[in-house]
Amino acid sequence: MLPGAHYARSHTIEPHPWIPEPLGPHADHDHFDSSQHWTESRDGRADAHGGGHAHTGCVIVPDEPGWPEALRGRLLTLNLHGRRINVDRLDAEPTGIVGRHEPDLARFGDPFFRGTDLLDLPGHSLAILDWSDTGECHEGTGVHRTSGRIYTFGFGGADAPAPPIVPGTDLEALDTAALVRLLSTDRWHARMALRLLADRHAAGDSQGVLARIVPVLDELLAHSDTPSLRLRGLWGLWGLQRIDEPRLSLLLDDPTPAVRAEALRLLADPWPIDTVLGHRPVVEPGVRGFTLDALERLALTETDPEVRLALACLLSRLPPIHRARIAAALVAKTEPESVAATPVGLDFGPPDTAPRALGADHHDLGAMLWVGLLPAFVADPDGVIGVWRAAGVPAAAESRWPALRRSIARRVTGGDAAAARPLLLAAAAAEGPAGFDDCLAGLVAGWRGRRGVEAPDGWEGFRQALAAAADDEDRLDDAARLDALFGTPRGGAHLESIARDSTLFAARRAAALDALIDVRAAAAAATARDLLAEPDLAATAIRGLLAAGTPEDAGRLLECAHDCAAPVRDAAVSALASRAPWATRLIDAIEQGILPRTLLTPLVARQLAGLGDKSLGTRLGPLVAGRPVSPDAPQHDAPADIDAWRQRLGPDRLATADPAAGREVWGRQCAACHRMHGEGGALGPDLTGSGRRDLDYLLANIVTPSATVSPDYRMKQVVLADGRVLSGIIPRRTAETLLLRTPTGEETVALDDVETVIDGGVSLMPEGILDRLDETEARDLIRFLMEP
């Protein structure tokens, strides 16, 4: 775990508005066959990959005699579904540590095996904790709660040294000198000795016993012949509080990378770290000038990946005014031409031997640089743009850190970072093609959903530099989008001409129409109506009518719902469900048999109920299995409903169910919102790691979804000033916009357009999903959900 990192969450949403992509897995593999549907990895067919997707416990095997050579330095973790111990080799990449799968250490044939933790023991052995249950997680009966077991795996190779003390010795009874001697033995005993020495220091050293071992620890740090022993000396001094900032700063010049990295971590340990939302303490820590100089010097000269990553993590602890100078030095560092770039992706192509950013632009290093820079946009805008410049190459076609630079450009669109905008535009104009691309991409993404933004100082100069360069249609379109946002007529005219030009690719035309809609250009509605008949542009045109349509446009949307194929049909229905008058016409068409009832999916039903029109709710009820879907409608007796379904879905009936047919039901009823094993939507929580094998867990979440839903996934109704009511979840907010995830996609909404946001207090998933299925469909769906 990296201090200050933001990691992807399973059942909640990243709260920081400027971190759209939290860190993901640190491995280059999945433990199921991700090239196929996940169901193809069941019943042992994922053995080559590692057996399954859920993991618990972690230990890194000591790189010491006595342990098998093949396991030394490997990370071991328990695979919950695969009932095995996975092994990963840890490779130091320029961007961080990457795990690569190696053959499993052990497999357990007992179907009750549910490994929960493992740890190393003295004597070159491992302890494995087994929950001992058939449930994978969320087990609620408590039947097996007292039947856990503990296994030990012993190794002790021929090269194993003799135990440093008699096995079974009470370490707490050893004197201080004996504990110090243990520091030069195996990892387990050394770790215990360090903890006990720190405990004794915390209890007080009135006799000066601990003070007398400081020279020994100094010697261990200064002159030991292995990095491990030197680190133990350092940790011992730290635990006794006998090493300070000046000495740690000197260690940043140590010849051993592991010592430099640990000195960085210990140096920063007393400094406060940014909160999850980036807030800082009222009084910043006093970081001395010589320490800052040492950090900058290290950033300029360091080549070891671990040290560079530790330095990037340290940024989140520094006062924001000092961060950019360190970050700029880190991103400016390049590898010599003889060093090949680390391959990325499946088709590596020929080796790239051109100079590149040491650390590249992905995963740990780039992520930690970005997290650390965020508070500096207000405190040090000049410094942040200095980082942007340092990450570029003048006149080059691509920059060395495109993702970082585009994130910087996106962040300057925030109202509190306006001071950095002219600095960014000047830097991008002076740089050339890569500067144009990174700047435009970030500004377009950051201002999405806004309109009527004032053009920043320097925009015209940037446009002139862009016009003087060779034409590039993507750059010109992005610049036109921003022109239209700033109210410049040339922007709207350019976008309309692109959208209406039938000789161009549909994707480019759709992007131009999307831009017109975003800024509410005068031509947006008329252009959308004219392009509604073109299949490749219809979904975007529907978005235009949703934003700026008239009462007459409801008829056009009903025609789409009747004649078009999904997803255009679904977009039209969702648009009709956003305004009460339009929704009335939708219900009319369904009641009259013009449109099928199947269009009233659970999501659409919840969306219609969220409009707050009681007459609509009354009419909607009979169309969805006779059950009201309004959030304030009387609910059935949930315990009785769950008990009834439990009786109908007993083991004997589930045994005859067809999971393949259940998958089709899942696709119709669930996949639009929920993701499982990488497939499906993102409106609801990812179900991959949930307790799906427990029938009680499934029924509680399906029959009474609002009782179990996380607050992040409760339905929000965004009431807009133009009369629309959009329903979805809000995965991200800034001071100017909110991102609404709806049944048909994502919509960035300017807060100036929002009248109110209502927390419906309920899940987007309405009650009664199972009631709308026949007996066979319900049984097949549950069987499919319960599969591994």
Side-chain angles (χ1 to χ4, degrees), residues 2-4 92 94 180 183-184 190-191 193-195 197-198 201-202 205 208 210-273 284-333 358-359 365 368-369 372 383:
L2 303 175
V180 172
L183 297 182
S184 298
R191 188 172 59 205
L194 286 168
R195 182 176 66 81
L197 289 171
H201 168 75
D205 185 26
L210 296 176
R212 290 194 287 273
I213 68 170
V214 170
V216 181
L217 297 174
D218 283 332
E219 179 68 17
L220 203 61
L221 170 60
H223 300 299
S224 295
D225 55 2
T226 69
S228 294
L229 291 178
R230 296 193 62 206
L231 288 173
R232 292 170 190 175
L234 176 59
W235 291 328
L237 292 169
W238 178 256
L240 300 184
Q241 296 184 2
R242 293 304 184 101
I243 193 163
D244 55 13
E245 183 177 331
R247 191 171 176 193
L248 287 170
S249 296
L250 290 175
L251 287 176
L252 300 183
D253 292 321
D254 192 273
T256 302
V259 173
R260 297 197 298 275
E262 193 60 26
L264 283 169
R265 298 184 186 106
L266 298 181
L267 187 65
D269 189 71
W271 304 336
I273 197 166
E284 288 285 359
V287 183
R288 302 181 186 183
F290 64 79
T291 298
L292 291 169
D293 291 342
L295 293 175
E296 185 174 15
R297 182 173 65 253
L298 184 67
L300 286 168
T301 59
E302 186 59 64
T303 58
D304 183 81
E306 182 184 4
V307 183
R308 287 173 58 82
L309 182 57
L311 186 52
C313 292
L314 178 143
L315 291 180
S316 295
R317 296 181 182 271
L318 286 173
I321 193 65
H322 299 309
R323 299 184 184 187
R325 62 185 282 199
I326 310 299
L330 273 170
V331 301
K333 178 68 181 179
L358 184 61
L365 189 61
M368 296 314 300
L369 283 169

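Judged by distance alone, with hydrogens and angles left aside, the side-chain atoms of Asp218 form no donor-acceptor pair with the main-chain N or O of Leu221 at under 3.5 Å. Judged by distance alone, the side chain of Arg308 and the main-chain N or O of Leu330 form a donor-acceptor pair under 3.5 Å. For the pair Asp205 (side chain) and Leu210 (backbone), a donor-acceptor distance under 3.5 Å is present. In terms of modelled atom types and a separation under 3.5 Å, the side chain of Arg230 and the main chain of Ser224 share no donor-acceptor contact. With hydrogens and angles disregarded, no donor-acceptor distance shorter than 3.5 Å links the side chain of Arg232 to the backbone of Ser184.
Arg265 has its side chain out of reach of Pro3: every pair of non-hydrogen atoms, C-beta onward, lies at least 4.5 Å apart. Annotation: side chain of Val307 is not in contact with side chain of Leu252 (no heavy-atom distance under 4.5 Å). Looking at Ile321 and Glu284, their side chains never come closer than 4.5 Å, going by heavy atoms from C-beta outward. Inter-residue side-chain proximity for Leu365 and Pro305 is flagged as unmet; no heavy-atom pair is nearer than 4.5 Å.
Within the model, atoms CD1 of Ile213 and CG of Leu183 stand 7.5 Å from one another, a figure rounded to the nearest 0.5 Å. For the atom pair CG (Leu309) and CG (Leu314), the distance works out to 11.5 Å, reported to the nearest 0.5 Å. The distance from the CG atom of Leu311 to the CG atom of Leu295 is 6.0 Å, given to the nearest 0.5 Å.
Listed here is the closest heavy atom pair of Gly4 and Met368: C-CE, 3.8 Å. Considering every non-hydrogen atom in both Leu292 and Leu318, the closest pair reads CD2-CD2, 4.1 Å.
Checked options Glu245, Glu262, Arg317, Arg247; the residue passing with Leu267 is Glu245 (criterion: side chain to side chain contact (heavy atoms under 4.5 Å, CB included)).
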